[in-house]
Novice: 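I'd like to ask some things about the structure below.
Keep in mind the model is a prediction, meaning the values are calculated, not measured. Labels below follow one simple rule: chain letters A, B, ... track the order of the sequence lines, proteins then strands, and each chain is numbered from 1.
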Protein chains: 2
Amino acid sequence: MSDDGRERRPGATRRRGEELVRAIHEAAIEELLAVGVDRMTMEGIARRAATAKTSLYRRWSSTEEILIDAFLRVFPQEEPSPSSDDLRGDLVRALRMMRDWMTTVGARAVAEVVTARDRNPGLVEAVYARVFGKRGGGFTQTVLRHYVAHGAIAPARLTPVVLDIGEALVVKYRMDHSELPDDAYIDAVVDHAILPALGPPPGGD
Amino acid sequence: MSDDGRERRPGATRRRGEELVRAIHEAAIEELLAVGVDRMTMEGIARRAATAKTSLYRRWSSTEEILIDAFLRVFPQEEPSPSSDDLRGDLVRALRMMRDWMTTVGARAVAEVVTARDRNPGLVEAVYARVFGKRGGGFTQTVLRHYVAHGAIAPARLTPVVLDIGEALVVKYRMDHSELPDDAYIDAVVDHAILPALGPPPGGD
DNA sequence: GGAATAAGAAACGCTTGCGTAGCTAAGATA
DNA sequence: TATCTTAGCTACGCAAGCGTTTCTTATTCC
């Protein structure tokens, strides 16, 4: 009931420029997660940023514009670094990394926006361009390419489908249940789906 | 601008009872697809059904209730019927069936509702219970179980992960691109992901 | 210090949806 | 035909968001 505001700071300094803009960006993401793309309002964002509506309209003219702007400066995406000679271990680590990433604000924002893609095409593009990386976050992708480069996987095996298996199963799990998969499920994804699709190593290890 | 109404029928008969209820249900689904879960309104549904707000409030007290009700009487879900001795063919057919199903109103409704799961848990349950079938629509599932029963697949291979591979990849494809996968992609899903996960047939065909 | 800049606050009329009430009239029932 | 049920319509006061205007007041810049 009293969750929508932000505390006033009576004697505090007045924000301007970059500082204010950043605060508004953060508020926009918060608003997105709280009420969904379709219910975002300028007044809501202003409330969350503890600023005046006027300050929003001075720079943007819709919630969508604010959001796109917000996406364009956020969410660094960690890359898995396949190091060892342990394909299975690296795949598991990559998918765990993806799972962790899915708990972040950025990832939840992606999910929020993608469903409403028909209603907000511009937003979806911004999100894919910046937050989600190229086509769905290459978590296992990085690992798989690494092992292909080192001759442990036959290059022909790395079709677009195969590159997506892990991510697809994790995303679907999250869709069906309301939690993220646990370690055992991730292990199973690697053992029952990804590794079989890779087939035997070319040289016969 | 004038898309939201429905034509009046001046001398026409006045709907009541079941007929009216069905019209309202349809209008609710339409409204869902048009504006999204989060922006549905009683007035919008009434407008679409060309009825009076009063007639809605006589039976339900929120858009969510109407939607749940609507879901509870809809969308027969076709089942793939694995017949021949053609595992690959049956899998391809099952996934094509899934793809076709995804173009229906019901499927789009699922997608609409699932993202906003945090905000509408009741809806999500109703949708999963009725529209989406048990946990994500058993398109390939039906096929796979059939072939296990006939000894063509080792039962141990049929883990929850494996049952989901095909559906997961199709869903992810639709998330990443804005179209549904074509036949070639479905073939690839079967050949590069599902079949490898099933391993060689137990008897050695 | 004084001027320029930009943020905060309040109010504007307008629109849309809320949930309810009062009434008219269509269609089923007797 | 008379009656009862139930659509359909209109209107209500209320709340929230719109986009804009006007004014005050912090900060920054010179």
Side-chain angles (χ1 to χ4, degrees), chain A residues 1-28 30-67 69 116 119-120, chain B residues 1-28 30-67 69 116 119-120:
Chain A
M1 279 299 138
S2 58
D3 143 288
D4 43 325
R6 200 46 78 77
E7 66 283 351
R8 281 284 157 316
R9 293 149 309 151
T13 77
R14 181 181 278 186
R15 296 161 301 178
R16 33 163 69 199
E18 270 312 297
E19 187 193 354
L20 179 60
V21 169
R22 182 161 32 244
I24 295 175
H25 281 156
E26 281 167 23
E30 279 176 35
E31 176 91 345
L32 169 65
L33 298 184
V35 307
V37 213
D38 293 330
R39 248 186 197 163
M40 292 190 68
T41 65
M42 293 298 256
E43 308 216 328
I45 297 176
R47 233 176 355 245
R48 277 206 148 72
T51 188
K53 237 193 331 176
T54 338
S55 302
L56 301 194
Y57 280 106
R58 228 170 254 135
R59 293 177 227 259
W60 306 277
S61 60
S62 69
T63 60
E64 187 176 350
E65 279 183 21
I66 302 183
L67 256 191
D69 246 41
R119 292 187 291 279
N120 312 71
Chain B
M1 280 298 139
S2 57
D3 143 289
D4 44 324
R6 198 46 77 78
E7 66 283 350
R8 281 284 156 317
R9 295 149 308 150
T13 77
R14 180 182 279 189
R15 296 162 301 179
R16 31 164 70 199
E18 269 313 296
E19 187 193 355
L20 179 60
V21 169
R22 183 163 30 244
I24 295 176
H25 282 156
E26 280 167 23
E30 279 177 35
E31 175 90 347
L32 169 66
L33 298 184
V35 306
V37 213
D38 292 332
R39 248 185 197 165
M40 293 190 66
T41 65
M42 293 297 255
E43 307 216 327
I45 298 177
R47 236 179 348 249
R48 278 205 149 72
T51 188
K53 239 196 321 179
T54 338
S55 302
L56 300 194
Y57 280 106
R58 227 168 256 136
R59 295 176 225 260
W60 306 275
S61 59
S62 71
T63 60
E64 187 177 350
E65 279 182 21
I66 302 184
L67 255 192
D69 244 42
R119 292 188 292 280
N120 312 71

Novice: Within this structure, what is the CZ-CZ distance for the pair B:Arg39 and A:Arg119, rounded to the nearest 0.5 Å?
Specialist: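 It comes to 8.0 Å.
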Novice: To the closest 0.5 Å, what do you measure between CG (B:Asp69) and NE2 (B:His25)?
Specialist: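 Going from the CG atom of B:Asp69 to the NE2 atom of B:His25 covers 4.0 Å.
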Novice: Send over the distance from A:Glu18 CD to C:dA7 C1', rounded to a whole Å.
Specialist: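 Distance, rounded to whole Å: 15 Å.
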Novice: Could you state the atom-to-atom distance from CE of A:Met40 to C1' of D:dA16 in whole Å?
Specialist: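 Spelled out: CE on A:Met40 to C1' on D:dA16 is 16 Å.
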Novice: From C:dG17, C:dA26, D:dG17, pick the nucleotide closest to the side chain of B:Arg16?
Specialist: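 Side chain of B:Arg16 sits closest to C:dA26.
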Novice: Of all heavy-atom pairs between A:Tyr57 and A:Met42, which one has the smallest distance, and what is that distance?
Specialist: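 Of all heavy-atom pairs spanning A:Tyr57 and A:Met42, the closest is OH-CG, 3.5 Å.
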Novice: Take A:Val37 and A:Asn120 through the side-chain contact (heavy atoms from CB on, under 4.5 Å) test and state the conclusion after the steps.
Specialist: CA-CA 9 Å; A:Val37 213; A:Asn120 312 71; 4.0 Å; yes
Novice: Round to a whole Å and report the spacing from CD of A:Glu64 to P of D:dC18.
Specialist: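 That distance rounds to 14 Å.
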Novice: Is there a side-chain polar atom (N or O) of B:Arg15 under 4.0 Å from OP1 or OP2 of D:dT6?
Specialist: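 No, no such contact exists.
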Novice: At under 4.0 Å, does any side-chain N or O of A:Thr51 touch on OP1 or OP2 of C:dA7?
Specialist: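 The answer is no; no side-chain N or O of A:Thr51 sits under 4.0 Å from OP1 or OP2.
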Novice: I need the CZ-P distance between A:Arg14 and C:dA9, as an integer number of Å.
Specialist: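 Rounded to the whole Å, the gap is 7 Å.
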Novice: Is the side chain of B:Glu65 donor-acceptor paired with the backbone N or O of B:Ser61 at a distance under 3.5 Å, no angle test?
Specialist: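 The answer is yes, because a donor-acceptor pair under 3.5 Å joins these two groups.
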Novice: Restricting to nitrogen or oxygen on both sides, can you table the protein-nucleotides 19-21 of chain C pairs closer than 3.5 Å?
Specialist:
| from | atom 1 | to | atom 2 | distance (Å) |
| --- | --- | --- | --- | --- |
| C:dG19 | OP2 | B:Tyr57 | OH | 2.4 |
| C:dG19 | N7 | B:Lys53 | NZ | 3.0 |
| C:dG19 | O6 | B:Lys53 | NZ | 2.8 |

Novice: Begin with the C-alpha distance, continue with both residues' side-chain angles, and end with the deciding distance and a verdict on side-chain contact (heavy atoms from CB on, under 4.5 Å) for B:Arg59 and B:Ile66.
Specialist: CA-CA 9 Å; B:Arg59 295 176 225 260; B:Ile66 302 184; over 6 Å; no
Novice: Would you mind reading off the distance between A:Arg58 atom CZ and D:dT21 atom C1', rounded to a whole angstrom?
Specialist: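 Nearest whole value for this atom pair: 12 Å.
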Novice: May I have the distance from B:Asp38 (atom CG) to C:dG17 (atom P), rounded to whole angstrom?
Specialist: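 Atom CG in B:Asp38 sits about 15 Å away from atom P in C:dG17.
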Novice: If I take atom OG1 from residue B:Thr51 and atom CZ from residue B:Arg16, how far apart are they, to the nearest 0.5 angstrom?
Specialist: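 Rounded to the nearest 0.5 Å, the OG1-CZ separation comes to 12.0 Å.
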Novice: Taking OP1 and OP2 of D:dG17, is either one under 4.0 Å from a side-chain nitrogen or oxygen of A:Arg47?
Specialist: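 Yes, A:Arg47 has a side-chain N/O under 4.0 Å of OP1/OP2 on D:dG17.
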Novice: B:Arg39 near the nucleic acid: base, sugar-phosphate alone, or nothing, with a heavy-atom cut-off under 4.0 Å?
Specialist: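 The residue B:Arg39 makes no contact with any strand.
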Novice: Report the distance from atom CZ of A:Arg59 to atom P of C:dT5, rounded to the nearest whole Å.
Specialist: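 Taking CZ of A:Arg59 and P of C:dT5, I get 15 Å after rounding.
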Novice: Please report, rounded to the nearest Å, how far the C1' atom of C:dA26 is from the CD atom of B:Glu19.
Specialist: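 Nearest whole value for this atom pair: 13 Å.
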Novice: On DNA chain C, check which nucleotide each of A:Ser55 and B:Thr41 is closest to and give me the residue with the more 5' one.
Specialist: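 It is A:Ser55, whose closest nucleotide lies nearer the 5' terminus.
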